[in-house]
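In what follows, a structure is listed as structure tokens, so that the remarks can point back to it.
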Amino acid sequence: MVSEFMLQQTPVARVLPVHATWLETWPTPAALAAASTGDAVRAWGRLGYPRRALRLHAAATAIVAEHGGEVPRSYEDLIALPGIGDYTAAAIASFAHGQRHVVLDTNVRRVIARVAAGQELPPRSVTAAERALAASLLPDAPADAATWNVGLMELGALVCSVASPACERCPVLDRCAWAAAGRPAYDGPARVAQTYAGTDRQCRGRLLAVVRDAEGPVALSTLEAAWAIADQRDRCLASLVEDGLLARVGPASYALP
DNA sequence: AATCCGTGGTA
DNA sequence: TTACCAAGGAT
């Protein structure tokens, strides 16, 4: 569950060391729930999207309160926890417990789009048709379905990659509709470019990094020096406090919550 | 459904 | 160097 939270939009290589330290520090949900959210945010380090650290902490708290400190096993109980959506609930139920669920992450979606649908890339967001196709391919036996999910994810991550698929190493090349069609380029609507420089995300990240890397409370003047555009900085500071990622601990000082 | 939410590696 | 985007979730 910890690894799945960390892997949401973050590459495996960057997760590995943080994951190891995290589990040494907090081996159980109860241990994490007993820590402050600020400690969780600090331990999250530079994985990005630090709200995930808050959600993981909140999930641990809910697990202690509602599930006797044991991570629930059912998809329904899992997806009810903060920070767990369809993918993470299905992944935990399938990978950890061998249950039969459709696991639709970006890798699985891409593999199915290519092999079964003959498209270079899946639709921008999950469609009903896409989910139905994935469900129709899933093996009936739960254990086989779990193996299938792992296999598709690994195939997508290691072989059937976005930019440079290694078709010569693909075990299902001979049955890939996309390869058979000559690997036609994606023809759907243009994907929106993900800008970052100058955005609130960058501003928030920089402000939080200043506090995260400090020993104790940080003076407002220090935060003001970290971002030049005053109104944006103030807005982001307020939103960080609103989100619970920062706390105002004095008239003009901030710390992790 | 579209947008927001961090960070850093890669081509 | 810039553009892309990585085991998504919440709103």
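A quick note: this is a predicted structure, and the numbers were derived from the prediction, not measured. Order of the sequence lines sets the chain letters (A, B, ...), proteins ahead of strands, with each chain counted from 1.
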Salt bridge present between A:Glu130 and A:Arg109 (N-O < 4.0 angstrom): yes

In whole angstrom, give me the gap between the P atoms of C:dC4 and B:dT3. 16 Å

Under 3.5 Å, side chain of A:Arg114 to main-chain N/O of A:Trp178, donor-acceptor pair present? no

Checking all strands, does A:Thr195 fall into the base, sugar-phosphate, or nothing category for heavy-atom contacts under 4.0 angstrom? nothing

Rounded P spacing from C:dA7 to B:dA2 in Å: 23 Å

B:dG8 versus C:dG9 - spacing of their P atoms, nearest Å: 22 Å

Using a 3.5 Å distance criterion without hydrogens, assess whether the side chain of A:Arg233 forms a donor-acceptor pair with backbone atoms of A:Arg204. no

Of all of residues 130-146 of chain A, which get a heavy atom below 4.0 angstrom from DNA chain B, listed by number? none

Under the side chain to side chain contact (heavy atoms under 4.5 Å, CB included) test against A:Leu78, which residue among A:Thr88, A:Ile63, A:Val71 passes? A:Val71

State whether the number of non-hydrogen atoms from other residues, nucleotides or ligands found under 6.0 Å of A:Arg124 atom CZ is greater than 12. yes

So does A:Arg175 have more than 12 non-hydrogen atoms from other groups sitting under 6.0 Å from CZ? no

Mind checking which nucleotides bracket the chain A contacts on DNA chain C, 5' to 3', with an atom under 4.0 Å from a heavy atom? C:dC4 to C:dA10

For A:Arg46 and A:Val18: C-alpha separation, side-chain torsions, deciding distance, then whether side chain to side chain contact (heavy atoms under 4.5 Å, CB included) applies. CA-CA 9 Å; A:Arg46 308 184 66 82; A:Val18 181; over 6 Å; no

Start at the 5' end of DNA chain C and walk down; is the nucleotide closest to A:Asp105 or to A:Gly83 reached first? A:Asp105

Within a reach of under 6.0 Å around CD of A:Glu168, are more than 12 heavy atoms found that belong to other residues, nucleotides or ligands? yes

Using a 4.0 Å heavy-atom cut-off across all strands, classify A:Thr106 as base, sugar-phosphate, or nothing. sugar-phosphate

Determine the contact category for A:Val162: base if any of its heavy atoms lies under 4.0 Å from a base atom, sugar-phosphate if only primed atoms, P, OP1 or OP2 are that close, otherwise nothing. sugar-phosphate

If the sugar-phosphate is the primed atoms plus P, OP1 and OP2 and the base is the rest, what is the B/S/- string for nucleotides 4-11 of chain B, using protein heavy atoms under 4.0 Å? -BBBS---

Under the side-chain contact (heavy atoms from CB on, under 4.5 Å) test, residues paired with A:Ala219 that sit two or more places apart: A:Ser221, A:Thr222

Please identify each residue that fulfils salt bridge (charged side-chain N to carboxylate O under 4.0 Å, His left out) with A:Asp86, with sequence neighbours left out. A:Arg131

Of A:Arg110 and A:Leu81, the one whose closest nucleotide on DNA chain C sits nearer the 5' end is A:Arg110

Just to verify, what does A:Ser3 make a side chain to side chain donor-acceptor pair (under 3.5 Å) with, not counting sequence neighbours? none

